[in-house]
Amino acid sequence: MTPTTPFPRHLETLLRSCCAGHHLRPLFARLIVAGLVRHPLALRRLVELLALAANHPAAPLLARPLSHLYFRLAPASTTFLYNLLIRAFSRSRHHPTESLVAFSSLLRHGGRSLPDRFTFPFLVKASSNLNSPFEGQQIHSQVLKRGFQSDVYVVNTFLSMYSSFGDLASAQKLFDSSSEVLDVVSWNTIIDGYVKSGAVEVARRHFDEMPVRNEVSWSAIISGYAGKGELDMAQSLFDRMPVGRNIVTWNSMISGFARHGLLPLARKLFDEMPVRNVVSWNSMVSGYAMNGEMDLAMELFDLMPERDVVSWSCMISGYAQINWYMEALQIFKRMQLESSVKPNEVTMVSVLSACAHLAALDQGKWVHAYIDKNHMTLDDDYNLGAALIDMYAKCGSMETAVELFHALARKNVSSWNALITGLAINGAAHESLEAFERMQRSGPKSNGITFLGVLTACTHGGLVDEGRWYFENMSKVYGVQLEMKHYGCIVDLLGRAGFLEEAEGIVRSMPMKPDVMVLGALLGACRIHRDIRIADRIRCQVLNLKPQQSGCHVLLSNIYAAAGRWDDALEMRSLLKQSGIRKEPGSSSVELDGVVYEFVAGDCPNPEASTVYSWLDEMGRKLRSLGYLPVTEDVLLDLDEEDKETCLSRHSEKLALAFALLRATPQSTIRIVKNLRICGDCHLFIRHVSKLYPQQILVRDRIRFHHFKGGFCSCKDYW
DNA sequence: TACGTTCTGT
């Protein structure tokens, strides 16, 4: 069949007008019936359509059957068509593997068609997307067999591939053995490879040695120094660039300054630069966001002439990082309402994290549906799967989280970690440890975060011996290095269980200086067990901490207050005041019909206030007649008993509970999230309330979950 | 068809 074979006009029109959607299959059927499916015109258009299909939302459904259909026709096709196909799939987020399948089909069935110099770059792109060094090496050996070693395009392609895998040894080997053909792109590629793997000095040696430099060489080495925080060096290279500085070098400098907290310098460059693009704006906005300066970030964001998905993601993750989760979700909402920019995987990870922290299950489910509808993959490098598991776990829907985990095609460390941690915070300590053991047998190697989950499980289950064992064997048996956070966990575990001296011993023998979390865990234990001696002993260390985090000072003050040492308590408070730090106010949130409502202690938003207060008062009376006695010993102000009770009855979690119960249907589950730890009285109160109401009540505090039902709590009153 | 800048979290 040749291009001159007549092709019916109506089929040709159909072929041209067909777009990569569901019409492809019927079109195929008609071509087969007409005996024209191998016609060069049909094949060419077919591959173009496949190329479209590869990025089409329906691609996961279409791409595979279509490509298989295509392979049946393979003997008739040319290298050119194969390359089109390979390129189509190499760009596909969903099926980069199909590229490799197409390649091996070309090798097997290509007949006289052989891979050419254009075949390999696409293949390499696919294998980089797959993060598959093995396939990459296979392809490289094919290249060597077919004598492309003197083609500089092909060489550069593989240099870039090895660099992207972080395999600088192979890259360097190829570089050295290709010295005849190297061009400036080869040099730039290997320089960037070293920069990306953190070896700026090696990159610099190549940079100094290279015969000819272009703008890209300069921006690569500058971004190397800027990214590492060697900003003086970056600046001096930037100042003496012989070829014209371009936007990319300016942007590298801005982001270098910004990500190392030198915001005024970054801003100065940003203001001075002659032309800005969206990346310049994003670098500046993300600099502010990364450093917690969300007001400035927002100010600039609002001024942006155009915003892309990165701009929006910066703002969302920025708010999430300073724990302003409601604001993060609001920005996401704004993104959907006022822009045509589509969220990507990174956006979704940040949004899910915000939903998780707010226990905003309805919104989390919406995001899940969106991810499915847009065929985002759950097991890629962004760990969307882990983010979803984490979201469901933190919303108390552990069953869904577990189902999701099992449904994941590829499970990596993050997915296992999300499962283990999820089970741990939901009080399923044994299941969590079982999951960990399964992971050892048949899963990926565990990392530091895995052990945070394991130790958390032990803490919440009161499994002191197990916790000790895992802590002691973490590095010996599992080869995972102990970090500050693990010390925090073990101190919490031992302290909570009453082994305060042992916990204190660990704090004293730590190889690093204990941080807020570690000392806070010990102080928390002192508070639970009313141990004022240890609190006194570590008081100095606490006061030496950077005062930014008020948590420890507040805890100390509370410990003194609980022991009746009001003077010491006041001293702590005034210390806090002097340094201008404010205690993080207790707040709780609850989601109803997809809307998150937030409550601060003693302050219920109108118009519900009076109903909420009278419900609480009435409930307090009712419960007291059923045996509930307010736990006033945790009230840390110097008040008389009655005032203490009033103070308790306005705690934020009680306000949220009242608000939710007043509106909820009997079938609903009430999810309350508190930013601090639930207090003893609220815990007791809610346990009693759960006897009177059919709804399942979940309270997630800073530490863990409490599932209340029928007068009991899943934590068995141990927390 | 190959090289440089911006966004994830546990």
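Each chain gets a letter, A, B and so on, in the order its sequence line appears, and its residues count up from 1. Just so you know, these numbers come straight off a predicted model, no measurement behind them.
- A ring pair (Phe, Tyr, Trp, His ring centres under 6.0 Å) check over residues 163-184 of chain A, counting only residues at least two apart or in different chains, returns the pairs A:Phe175-A:Trp187, A:Phe175-A:His206.
- At a cut-off of 3.5 angstrom, counting only N and O atoms as typed in the model, there is a donor on one side and an acceptor on the other between the side-chain of A:Asn246 and the base of B:dG4.
- Between A:Asp302 and A:Arg334 there is a salt bridge, since at least one side-chain N of the basic residue sits less than 4.0 Å from a carboxylate O of the acidic one.
- Rounded to whole Å, the distance from CE on A:Met273 to P on B:dT5 is 15 Å.
- Separating the CZ atom of A:Phe158 from the C1' atom of B:dC3 is a distance of 16 Å, rounded to the nearest angstrom.
- Listed by first then second residue, pairs satisfying ring pair (Phe, Tyr, Trp, His ring centres under 6.0 Å) with a partner in residues 252-276 of chain A read A:Phe270-A:Trp281, not counting sequence neighbours.
- Here B:dT1 presents its C1' atom at 12 Å from CZ of A:Phe148, a figure rounded to the nearest Å.
- Side-chain atoms of A:Leu408 and A:Ile389, non-hydrogen and from C-beta on, do get closer than 4.5 Å to each other.
- Taking every side-chain heavy atom of A:Ser353 into account, B:dT10 is the closest of B:dC3, B:dT5, B:dT10.
- Set against B:dT10, B:dA2, B:dG4, the side chain of A:Asp183 has B:dA2 as its closest nucleotide.
- Interface residues of residues 447-458 of chain A facing DNA chain B, ordered by number: A:Ile449; criterion, heavy-atom separation under 4.0 Å.
- Within the 4.0 Å cut-off from OP1 or OP2 of B:dG4, at least one side-chain nitrogen or oxygen of A:Lys196 is found.
- Rounding to whole angstrom units, NE2 of residue A:His357 and C1' of B:dG9 are separated by 9 Å.
- Other residues, nucleotides and ligands place more than 12 heavy atoms under 6.0 Å from the NZ atom of A:Lys445.
- Distance CD1 (A:Ile322) to P (B:dC7): 17 Å, rounded to an integer number of Å.
- Remark: the A:Ser414 side chain and the B:dG9 base include a donor-acceptor N/O pair separated by less than 3.5 Å.
- Counting only heavy atoms from C-beta on, A:Ser283 has its side chain closest to B:dT6 among B:dT5, B:dT6, B:dG9.
- When the side-chain nitrogen and oxygen atoms of A:Gln321 are compared with OP1 and OP2 of B:dC7, none of them lie within a distance under 4.0 Å.
- Here A:Arg259 reaches the OP1 or OP2 of B:dT6: one of its side-chain N or O atoms lies under 4.0 Å away.
- Legend: residues meeting salt bridge (Lys or Arg N to Asp or Glu O under 4.0 Å) with A:Glu180, ordered by chain and number and at least two apart, are absent.
- Applying the salt bridge (charged side-chain N to carboxylate O under 4.0 Å, His left out) test to residues at least two apart or on different chains, the pairs with a partner in residues 186-195 of chain A are A:Asp192-A:Lys196.
- Among the atoms of the strands shown, base atoms are found under 4.0 Å from some heavy atom of A:Asn383.
- Atom CD1 in A:Ile222 sits about 13 Å away from atom P in B:dT6, given to the nearest Å.
- Distance, A:Leu352 CG to B:dT10 C1': 13 Å, rounded to whole Å.
- The nearest whole Å value for the distance from the CG atom in A:Leu300 to the C1' atom in B:dT6 is 13 Å.
- Residues passing the side-chain hydrogen bond (donor to acceptor under 3.5 Å, both in side chains) test with A:Thr421, sequence neighbours excluded: none.
- Within the 4.0 Å cut-off from OP1 or OP2 of B:dC3, not a single side-chain nitrogen or oxygen of A:Ser163 is found.
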